[in-house]
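Order of the sequence lines sets the chain letters (A, B, ...), proteins ahead of strands, with each chain counted from 1.
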Amino acid sequence: MQKKDLGLLVLILAVGAVVAIINPRFLSPINLANTANLVGLFGIFAIGQGFVIITGGIELSVGSVIALLGVLFIDLIVTHAMPWPFAFLLMLAGGVLIGLAHGLLVTRMNMQPFIVTLCGLLIYRGVARFYTADATAGFGFGVSFPTLEWLATGRSFGVPHSFLAMLAITAVMWVVLHRSVYGRHLYAVGKNEEAARYSGVPTGRVIVTAYVICGVLTAIAAIFFAMYTRSISPASHGGFYELYAIAAAVLGGFSLRGGEGSIIGVVLGAVLLQVLQNLVNLLGIPSSLNFAVMGSVILIGVLVDQQFGEYRRRRAAQQRQ
Amino acid sequence: MTEPFLELLNIGKRYPGVVALDDVSLSVAPGEVIGLVGENGAGKSTLMKVLGGVAQPSAGTIRVDGTDRAAMTVAEAIAAGIAFVHQELNLFENLDAAANVFIGREPLKAGPLRLVDRARLAAAAAPLFERLGADFAPATPVASLSIAQRQLVEIAKALSLDSRLVIMDEPTSSLTLTETDRLLAVIGDLRAAGVSIIFISHRLNEVTACSDQVMVLRDGRKVAELAKAEISPEAMVRHMIGRDLKSVYRPPQAAPGAPILEIRGARTPAHPDPGVDIAVRRGEILGLAGLIGAGRTELARAVFGIEPLTAGVVRLDGRDLAIRSPCDAIAQGLYLVPEDRKGSGVVLDLAIAQNISLPRLADLAHRGLVDRAAETALAEDQAERLRIRAPGVNVPVGSLSGGNQQKVVLAKWLSMSPKAIIFDEPTRGIDVGAKREIYDMLRALADSGVAILMISSDMEEVIGVSDRIAVMHEGRISGTLARPDFSEAAVLRLAVGHLQ
């Protein structure tokens with residue numbers, strides 16, 4: 001675990017301790033399980049966002065993809081009676097396609113990631129609303145998918161399955177990012193794309209793969225969200241979720257210039273965001289201030305982190321002299 | 001002869017470890033065109049930085065209109081009437097020509113809003129462009145102007161500042177013949193109007209055509225001042241060379257073998273016309289000399305697959321290569337040590353070990369996971385072989401000296417199985433000791449059977465290290481020299497375009 005991640009963990013524990021002292025309900029099993037569920041849901045696609053951010057890119061269409069794929073998934077299994085494992089695979093394929101399209105537009109067409117994914121954000125949201133004619137997609141009375149529901153929203157030993165899924169994804173993605181050839185290529189491309197190219201790294205393929213990973217993880221998250229909310233109003237479902245993911249990555253030590261960040265960091269970032277949401281509820285802060293609290297904490301966190309890094313660099317420079 | 005308004009007296013400039021200028025004097029009289037010539041690194045740019053107020057001299061006096069001072073700031077240089085037309089033009093492409101001329105000094109409308117008075121701006125710009133015979137409207141966006149037209153914009157800017165001295169750095173290097181003639185005509189007009197010009201160029205014929213006086217720099221010293229009657233390309237070449245080149249040459253252990261790296265009819269977007277033919281033999285170091293801008297780096301990048309060739313073939317060990325990206329070149333054993341070490345050679349933030357392993361991670365991995373023990377072992381092995389001085393292989397490359405960074409780039413390729421390596425300026429910005437080590441490595445590499453193409457603008461290096469020298473001029477090979485024919489004069493003659 002890097003020093004940065006450790007600092008974030010300490011911050012989470014400190015905030016948690018303060019909240020727990022003021023309102024002991026924070027540590028109640030129900031509250032912990034609810035928070036864990038939300039951490040799982042948001043953590044899964046935040047990890048995907050992290051991969052894109054390491055390339056120096058950004059993925060703004062996450063929230064819209066969650067709405068679109070969620071609507072499609074429910075429609076396929078409820079209205080068209082498609083077996084859910086098949087629909088699940090179809091949604092994953094959708095995530096791959098979306099990631100592939102974004103990645104190719106960025107690398108082959110030299111478009112800026114912000115523009116490509118901003119257009120994605122608008123397009124997928126529009127398609128989702130058109131597909132359902134702006135109506136809410138959901139499970140009708142008496143419709144039930146016991147296996148799917150248990151898998152997506154159930155608990156084992158009191159731990160929500162979304163959280164377990166996130167832990168499994170975290171483990172796999174940790175190996176991919178921190179131990180695999182691909183992960184090394186990804187960091188090299190993020191740090192210095194030119195030098196990576198001169199070293200024979202297939203930079204285009206590396207970047208496209210990052211967008212595909214993001215697309216797939218977002219698709220998985222979309223299904224968990226669909227099962228969690230059970231009804232999706234396509235105009236608002238998943239709104240601003242891309243910003244949660246970017247915030248988690250930034251809190252976790254990612255640089256939007258690329259080349260920096262760790263899986264543990266982005267997961268801890270997602271945890272801190274949910275703890276903050278929870279804090280607003282438990283401490284009786286008006287929930288309208290929700291975003292303001294989140295924004296302030298991110299701003300102060302990044303500011304302190306940068307000033308501290310600057311201080312350490314200066315001190316290291318002095319010691320060398 | 002009118003009195004000089006600007007004089008540089010015994011100017012010296014030292015950088016840590018380097019004497020860039022030593023006891024250089026220059027005087028500029030109104031309406032005088034001074035040619036300034038010298039090899040790459042002779043001190044021309046430093047002298048111009050002193051004149052422009054960008055660099056402060058460490059010795060000597062600058063006398064402007066009879067007032068002595070030790071140094072000038074940029075503002076003082078502009079106030080003294082000194083203007084630059086840069087090699088890389090400093091224009092805002094998104095603005096139009098007239099706006100560029102008056103950038104930062106736009107005429108304003110009355111009132112508190114500080115709005116630009118576009119009518120007055122256009123009125124002030126029009127006569128300037130007319131005077132230069134510009135064939136475009138002042139309202140044309142700079143983005144749509146040719147290089148020659150952009151130069152006129154820069155000159156118009158200099159005139160609008162009432163400049164008395166316009167310094168042109170390689171103004172004709174990217175102009176066509178007609179455009180060059182037009183520029184020379186503009187220079188003639190300016191001179192007639194009393195504006196002085198310093199004309200820096202490698203194109204000695206043009207220098208001859210337009211200069212009243214030529215100053216030749218070599219190794220930071222003024223080695224000759226030629227009066228109008230004495231100016232000729234031969235005279236300038238004679239003075240530009242003549243350095244005492246210490247021989248660092250070590251002959252190969254065996255006679256060179258069959259051609260390994262062959263480049264036939266290679267054309268790049270920068271030089272689409274002539275096409276380059278080069279063959280590097282097994283165990284040979286072929287120096288590729290030429291002036292900056294001759295197209296050598298573009299050629300190397302194209303052969304390595306960074307920006308593919310527009311035409312031509314690359315053969316390695318007798319086989320035609322289809323190179324579309326560096327991956328293709330690397331897979332065949334053709335490597336490049338790029339010119340821009342920090343930008344393209346290494347990833348500064350990654351550790352030494354991670355840089356060395358980058359092109360061959362697949363070899364060091366089991367089922368897609370990097371074997372970090374093998375990676376460290378490889379890096380330590382290479383660091384010892386190349387004597388990379390560092391606290392360990394896990395420190396970032398950015399913390400190393402230039403010479404050691406370059407060794408990391410070498411280590412990257414030497415740990416693989418090279419057939420041919422292109423070195424682009426292998427020792428630029430590297431101290432003398434590390435240079436020596438790198439030359440030894442080049443020779444050892446060649447002796448092990450690798451074909452080496454060494455691009456270098458350092459005359460001492462080209463002559464001291466190469467077994468043969470090919471000289472490039474404006475996108476084609478103007479000649480090839482064998483070891484007995486090596487001389488600075490021979491290389492320079494080919495570099496300025498005299499064909500063999």
Pick from Leu364(B), Val347(B), Asn355(B) with the largest number of heavy-atom pairs that fall under 4.5 Å of chain A: Val347(B)
If you tally heavy-atom pairs under 4.5 Å against chain A, which of Gly343(B), Ser357(B), Ala362(B) wins? Gly343(B)
Straight-line distance of [X] [atom1] to [Y] [atom2], nearest 0.5 Å:
{"X": "Arg428(B)", "Y": "Asp340(B)", "atom1": "CZ", "atom2": "CG", "value": "9.0 Å"}
{"X": "Lys191(A)", "Y": "Leu348(B)", "atom1": "NZ", "atom2": "CG", "value": "10.0 Å"}
{"X": "Phe308(A)", "Y": "Arg312(A)", "atom1": "CZ", "atom2": "CZ", "value": "5.5 Å"}
{"X": "Thr107(A)", "Y": "Tyr211(A)", "atom1": "OG1", "atom2": "OH", "value": "9.0 Å"}
{"X": "Thr218(A)", "Y": "Leu92(A)", "atom1": "OG1", "atom2": "CG", "value": "11.0 Å"}

Heavy-atom pair count under 4.5 Å with chain B, highest-scoring of Gly200(A), Ser180(A), Ser199(A):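 Going by pairs under 4.5 Å, I would pick Ser199(A).
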Quick test of your reading of the model: are Glu437(B) and Arg389(B) salt-bridged, counting only N-O distances below 4.0 Å? yes
Are Lys435(B) and Asp458(B) close enough for a salt bridge, meaning some N to O gap below 4.0 Å?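 Asp458(B) and Lys435(B): salt-bridged.
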Quick check: does any side chain N or O of [X] sit under 3.5 Å from a backbone N or O of [Y], one acting as donor and the other as acceptor?
{"X": "Tyr187(A)", "Y": "Gly261(A)", "result": "yes"}
{"X": "Ser399(B)", "Y": "Pro396(B)", "result": "yes"}
{"X": "Tyr182(A)", "Y": "Val206(A)", "result": "yes"}
{"X": "Gln49(A)", "Y": "Glu59(A)", "result": "yes"}
{"X": "Thr117(A)", "Y": "Leu60(A)", "result": "yes"}
{"X": "Glu425(B)", "Y": "Ser457(B)", "result": "yes"}

Contacts of [range] with chain A (heavy atom under 4.5 Å):
{"range": "residues 369-384 of chain B", "answer": "Leu369(B), Val370(B), Arg372(B), Glu375(B)"}
{"range": "residues 294-330 of chain B", "answer": "Arg301(B), Phe304(B), Ile306(B), Pro326(B), Cys327(B), Ile330(B)"}
{"range": "residues 405-417 of chain B", "answer": "Lys412(B), Trp413(B)"}

Looking just at side-chain N and O atoms, do Glu461(B) and Thr427(B) make a donor-acceptor pair shorter than 3.5 Å?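 Judged by distance alone, the side chains do pair up.
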Less than 3.5 Å apart, any donor N or O on the side chain of Asp5(A) or Ser262(A) sitting next to an acceptor on the other? yes
Should Val450(B) and Lys419(B) count as side-chain neighbours, where that means a heavy-atom distance under 4.5 Å?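 A side-chain contact under 4.5 Å is absent here.
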Are side-chain heavy atoms of Leu256(A) and Ile53(A) found at a separation under 4.5 Å?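 SC-SC contact between Leu256(A) and Ile53(A) confirmed.
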What residues of residues 161-179 of chain A sit under 4.5 Å from chain B when only non-hydrogen atoms are counted? Val175(A), Arg179(A)
